[in-house]
Amino acid sequence: MKRITLSKLKPGMKSVITGLLAKGGIRRRLQDLGFVEGSHVDCVGISPLGNPTAYRISGTVIALRSEDASQILIQEVDTDV
Amino acid sequence: MSKNHSIVKNQSVTKLAVEKKSQDDKVIALAGNPNVGKSTVFNALTGLNQHTGNWPGKTVENAQGYYNYNNQNYVLVDLPGSYSLMARSAEEEVARDFICFGQPDAVIVVCDATCLMRNINLALQIIETGKRTILCVNLLDEAEQRQIKVDLDLLSERLGVPVVGTIARSNQGLNDLMESVQTTLQAPPPTNLIVYPDFVEKGIETLLPRIDSIVGNYLDARWVAARILDGDQNLFNSIEEYLDYELIEDPEIQRILKDYQFKLKDKQITQIELKDTMAKTFIQVASVLCHDVIEEPLIASDQRDRKLDKLFTSKLTGFPIMLIILLLIFWFTISGANVPSDLLAKVLFGFEDWLANAAISIGIPSLIIDLLIHGVFNVIAWVVSVMLPPMAIFFPLFTLLEDFGYLPRVAFNLDRFFQGCDACGKQALTMCMGFGCNAVGVTGSRIIDSPRERLIAIITNNFVPCNGRFPILISIISIFLVGSNSGFSKSFLGALILVLVIIFGVGMTLLVSKLLSKTVLKGIPSSFTLELPPYRKPQIGKVIVRSIFDRTLKVLGRAIIAAAPAGLIIWLLNNVQSGDTTLLYTITDFLNPFGKALGMDGVILVGFILGLPANEIVMPIIIMTYLARGGLLELEGAALGQLLIQNGWTLTTAISTLLFTLMHWPCSTTLLTIRKETQSWKWTIISFLVPSVAGIAITFLFNSLVRIFI
Ligand SMILES: Nc1nc2c(ncn2[C@@H]2O[C@H](COP(=O)(O)OP(=O)(O)OP(=O)(O)O)[C@@H](O)[C@H]2O)c(=O)[nH]1
Ligand SMILES: [Mg+2]
């Protein structure tokens with residue numbers, strides 16, 4: 001179980017959020033979308049040119065650019081559950 | 001100086017005013033996350049046709065309609081979607097402002113049953129404002145498909161507000177919804193469920209008396225106090241706008257706030273921790289509320305959507321599929337429009353003759369016949385026969401894509417390019433809206449959070465051809481560029497060239513966005529989130545009917561309104577003598593050298609200039625002018641190519657006109673919309689100049705190259 005940022009999460013991998021680094025308005029927006037400590041977030045796909053990436057969070061899919069995903073701290077969890 | 005009396009409402013409240021039919025009408029707002037079915041509920045209750053589509057950000061403006069239930073009249077206001085009352089974009093501001101300052105009697109919060117918790121977060125924020133609230137849990141059919149169950153009764157009990165389950169798309173549950181609205185209006189407002197941790201509550205408590213004395217008559221004081229601690233500057237701006245008071249600058253409030261911040265420092269609590277605590281309180285309350293209310297399978301139930309995403313957004317297939325879809329849409333449009341266009345032309349021009357003969361036989365002066373029938377009616381006939389068939393095919397096809405949920409995937413695929421231009425990926429969505437109508441694309445730019453990136457999207461929207469310009473492109477392509485091929489292969493080649501033209505337009509959009517980012521609109525790209533909603537089976541019948549009646553006929557109507565005076569002007573110009581020629585000759589001859597330098601001629605330029613009110617009339621004006629100059633009065637449909645060639649059109653003329661069609665000034669409707677959206681003449685003028693200069697530069701360059709090499 002490594003602590004990494006969300007931008008490192010590969011498609012098919014699951015994780016739990018451990019913290020937010022984002023500042024300003026986007027911080028609250030991420031929180032309102034469910035990106036808060038303890039939430040599960042999975043990587044579900046990368047766009048054809050490699051950025052942005054789509055994540056499953058609180059029952060929906062949200063795409064983030066890697067700059068923004070790297071502001072979210074996560075802990076990877078085992079995929080086989 | 002602090003005012004000690006309660007404030008007076010500001011004039012700009014009228015901006016939010018609803019039109020009641022009578023004083024007793026109740027105003028109900030429809031709020032909720034984006035793309036949850038608010039407009040669908042609105043349409044079902046009011047019988048109106050607000051546009052719906054399967055992508056977040058379809059509604060960017062308030063719309064209002066009426067319904068009657070149990071002898072009570074209601075005014076229903078459809079709001080843009082928002083994730084939070086902490087507005088980040090112009091569309092979210094519109095929604096927040098109406099909920100908070102528009103004084104609705106109640107708010108229906110429409111929720112997506114498949115991701116209820118996130119929706120409840122917004123509902124809690126709205127309940128916190130003290131408004132009477134009804135929860136409408138929509139999309140129950142999708143929830144059932146995904147084996148998600150919601151205990152509506154338990155939720156209602158815990159929330160203390162009525163909860164109604166609906167499937168708005170098939171009109172289910174709407175009676176219960178109206179019933180709940182009625183009972184809610186008679187009940188007291190809901191009690192607040194949000195209790196922050198102690199140190200926050202203390203802050204609210206100290207601010208409360210002062211806030212209550214200032215805005216207590218209009219807003220829930222506790223809610224405002226909490227937002228002051230939250231530091232929601234965007235809200236303070238709206239308070240100033242609507243209540244005419246700089247609340248946050250109030251000396252007393254400033255003093256209390258400073259005091260409070262000292263205390264926080266003592267406890268070693270940072271401003272960010274304070275804000276986080278407040279944001280998390282909502283999430284926690286929502287999650288406690290939803291415990292046992294939502295029952296869902298352990299494994300994510302969106303497998304089908306993810307498979308489709310693989311198809312539409314993977315490295316291998318994402319772009320090819322995008323191009324194929326675009327190609328197919330245009331192929332259907334071009335090949336399908338051909339026959340009906342000719343038929344319409346035959347019928348309408350036949351009718352023109354009949355009308356003229358009939359008019360002569362009843363003794364109407366020939367001047368008036370010329371003016372109204374051969375002038376005005378003729379242009380209208382051109383517009384209808386050239387415009388109607390492609391629009392009637394293109395709009396429904398495009399709407400089907402929209403309803404299916406494909407557009408957000410386009411934005412997802414293309415975002416990397418926009419990153420490269422320091423712009424927002426949602427600009428791809430406003431570009432798509434521009435295909436229909438650039439004015440719609442400009443208004444739609446409200447979905448873009450950052451004002452800088454929104455301006456870029458507005459200024460560059462004109463680089464995608466709107467529906468008014470497609471027919472010009474299509475006729476030029478099929479007359480001059482696809483050669484002697486016939487039938488299906490001809491229309492396929494035509495579609496292919498059209499796709500290339502559009503790719504060129506997108507390329508220009510990116511290039512100009514980049515230039516703007518490096519010059520007048522300098523800045524770093526802002527953070528952005530893009531929701532990829534579930535794919536939905538499009539409602540084919542509804543889509544066809546709606547897109548023909550709402551979009552096609554509306555756009556066509558506008559074109560006809562613009563065409564009639566244009567026909568009149570051309571006729572007049574051609575009949576007013578100036579020296580020994582007509583005024584029309586004088587003008588086109590004057591413009592000719594400019595036109596020639598750009599590979600076109602004076603007549604074509606006159607077409608673009610008189611076409612300012614609507615691009616739909618550019619081609620008819622060009623045709624009319626050639627005919628008038630040639631002394632002819634009418635033209636059989638198929639002879640268009642002949643007419644152009646007779647008037648000196650070559651392949652170079654065709655390509656130059658094609659390029660200029662893609663890049664010239666926005667139509668007047670779009671310009672007025674830009675003025676309205678930016679509130680600035682400066683940006684309106686820039687939006688006029690940017691595509692015009694680009695078009696002039698590129699056609700000039702193209703022709704210089706042609707002259708050198710050929
Ligand atoms: N299956 C299903 N689809 C629905 C239902 N209600 C709405 N839809 C579809 O959901 C999509 C979004 O509906 P809209 O009414 O445009 O949503 P909105 O909340 O107004 O969206 P914004 O204006 O963008 O915030 C459309 O494709 C609707 O046809 C429903 O109960 N069941
Ligand atoms: Mg809507």
Side-chain angles (χ1 to χ4, degrees), chain A residues 6-7 10-15 17-73 77-81, chain B residues 33 83-86 88 112 114-118 121-122 125 146 148 230 232-234 272 275-276 278-280 282-284 294 296 298 300-302 305-306 309-310 313-319 322 408-409 411-417 419 425 449 525-534:
Chain A
L6 186 57
S7 55
K10 298 259 149 27
M13 300 204 311
K14 294 168 188 289
S15 73
I17 297 177
T18 56
L20 280 188
L21 301 173
K23 294 214 167 58
I26 187 67
R27 185 179 178 92
R28 175 62 189 258
R29 175 46 41 96
L30 289 172
Q31 290 164 337
D32 277 323
L33 290 173
F35 291 93
V36 290
E37 256 166 71
S39 293
H40 289 260
V41 53
D42 314 335
C43 179
V44 293
I46 303 181
S47 69
L49 297 173
N51 191 4
T53 302
Y55 302 99
R56 188 191 289 117
I57 177 91
S58 50
T60 57
V61 174
I62 303 279
L64 297 177
R65 289 179 177 172
S66 63
E67 291 79 0
D68 297 319
S70 66
Q71 299 296 302
I72 299 170
L73 300 173
V77 296
D78 291 337
T79 317
D80 45 66
V81 277
Chain B
N33 279 183
Y83 291 111
S84 166
L85 285 188
M86 281 269 205
R88 260 178 77 75
D112 180 345
T114 65
C115 54
L116 199 54
M117 211 156 87
R118 189 185 79 189
N121 175 21
L122 176 70
Q125 295 183 30
R146 291 172 59 173
I148 297 171
D230 242 347
D232 185 359
Q233 187 56 46
N234 191 308
I272 290 193
K275 289 184 184 184
D276 277 3
M278 300 184 80
K280 278 184 204 157
F282 288 96
I283 308 274
Q284 271 155 12
I294 305 171
E296 54 189 332
L298 277 173
S301 50
D302 58 355
D305 288 335
R306 301 290 76 79
D309 267 350
K310 283 238 163 59
T313 67
S314 77
K315 217 178 197 138
L316 203 65
T317 52
F319 285 118
M322 218 163 81
R409 274 73 192 184
F412 185 60
N413 286 345
L414 292 180
D415 178 57
R416 186 69 192 75
F417 293 117
Q419 279 179 52
D449 299 353
S526 66
S527 304
F528 110 110
T529 58
L530 173 73
E531 182 162 0
L532 302 177

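In what follows, chains are A, B, ... by sequence order, proteins preceding strands, each numbered from 1.
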Taking every non-hydrogen atom, the tightest pair across [X] and [Y]:
| X | Y | result |
| --- | --- | --- |
| A:Arg65 | B:Pro525 | NH1-CB, 3.8 Å |
| B:Cys115 | A:Ser58 | CB-O, 3.5 Å |
| A:Pro48 | B:Phe319 | CB-CE1, 3.6 Å |

Checklist entry - Among B:Leu122, B:Asp305, B:Asp302, B:Leu414, which residue forms the greatest number of heavy-atom pairs with chain A at distances under 4.5 Å? => result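 If we count pairs closer than 4.5 Å to chain A, B:Asp302 comes out on top.
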Next on the checklist: Among B:Gly318, B:Ser301, B:Ser314, which residue has the highest count of heavy-atom pairs closer than 4.5 Å to chain A?
Outcome noted: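 Most heavy-atom pairs under 4.5 Å with chain A: B:Ser314.
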Kindly indicate whether the side chain of [X], heavy atoms from C-beta on, has any atom under 4.5 Å from the side chain of [Y].
| X | Y | value |
| --- | --- | --- |
| A:Lys23 | B:Ile272 | yes |
| B:Thr529 | A:Leu33 | yes |
| A:Arg56 | B:Arg306 | yes |

Which atoms of [X] come close to chain B, meaning under 4.5 Å heavy atom to heavy atom: side chain ones, backbone ones, both, or neither?
| X | result |
| --- | --- |
| A:Thr53 | backbone |
| A:Gln31 | both |
| A:Leu30 | side chain |

Item to check | Distance, nearest 0.5 Å, that separates CG of A:Leu49 from CG of B:Asn413 | outcome: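 The CG atom of B:Asn413 is 8.0 Å from CG of A:Leu49, to the nearest 0.5 Å.
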At a 4.5 Å cut-off on heavy atoms, which part of [X] comes close to chain A: side chain, backbone, both, or neither?
| X | result |
| --- | --- |
| B:Asp276 | both |
| B:Arg409 | neither |
| B:Asn234 | neither |
| B:Leu532 | both |
| B:Asp309 | neither |
| B:Met117 | neither |

Item to check | Verdict with supporting geometry, B:Lys275 and A:Arg27, side-chain contact (heavy atoms from CB on, under 4.5 Å) | outcome: CA-CA 10 Å; B:Lys275 289 184 184 184; A:Arg27 185 179 178 92; over 6 Å; no
Checklist entry - Salt bridge check: are B:Asp449 and A:Arg29 linked by an N-O gap of less than 4.0 Å? => result no
Checklist entry - Can you check salt bridge (Lys or Arg N to Asp or Glu O under 4.0 Å) on A:Arg28 and B:Asp232, steps first, answer last? => result CA-CA 10 Å; A:Arg28 175 62 189 258; B:Asp232 185 359; over 6 Å; no
Checklist entry - Do other residues, nucleotides or ligands put more than 12 heavy atoms under 6.0 Å from the CG atom of A:Leu21? => result yes
Checklist outcome for this item: Counting heavy-atom pairs under 4.5 Å with chain B, the top scorer among A:Leu64, A:Val36, A:Thr60 is A:Thr60
Next on the checklist: Just to verify, which of B:Gln125, B:Arg118, B:Arg88 counts as forming a side chain to side chain contact (heavy atoms under 4.5 Å, CB included) with A:Asp32?
Outcome noted: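 The passing option is B:Gln125.
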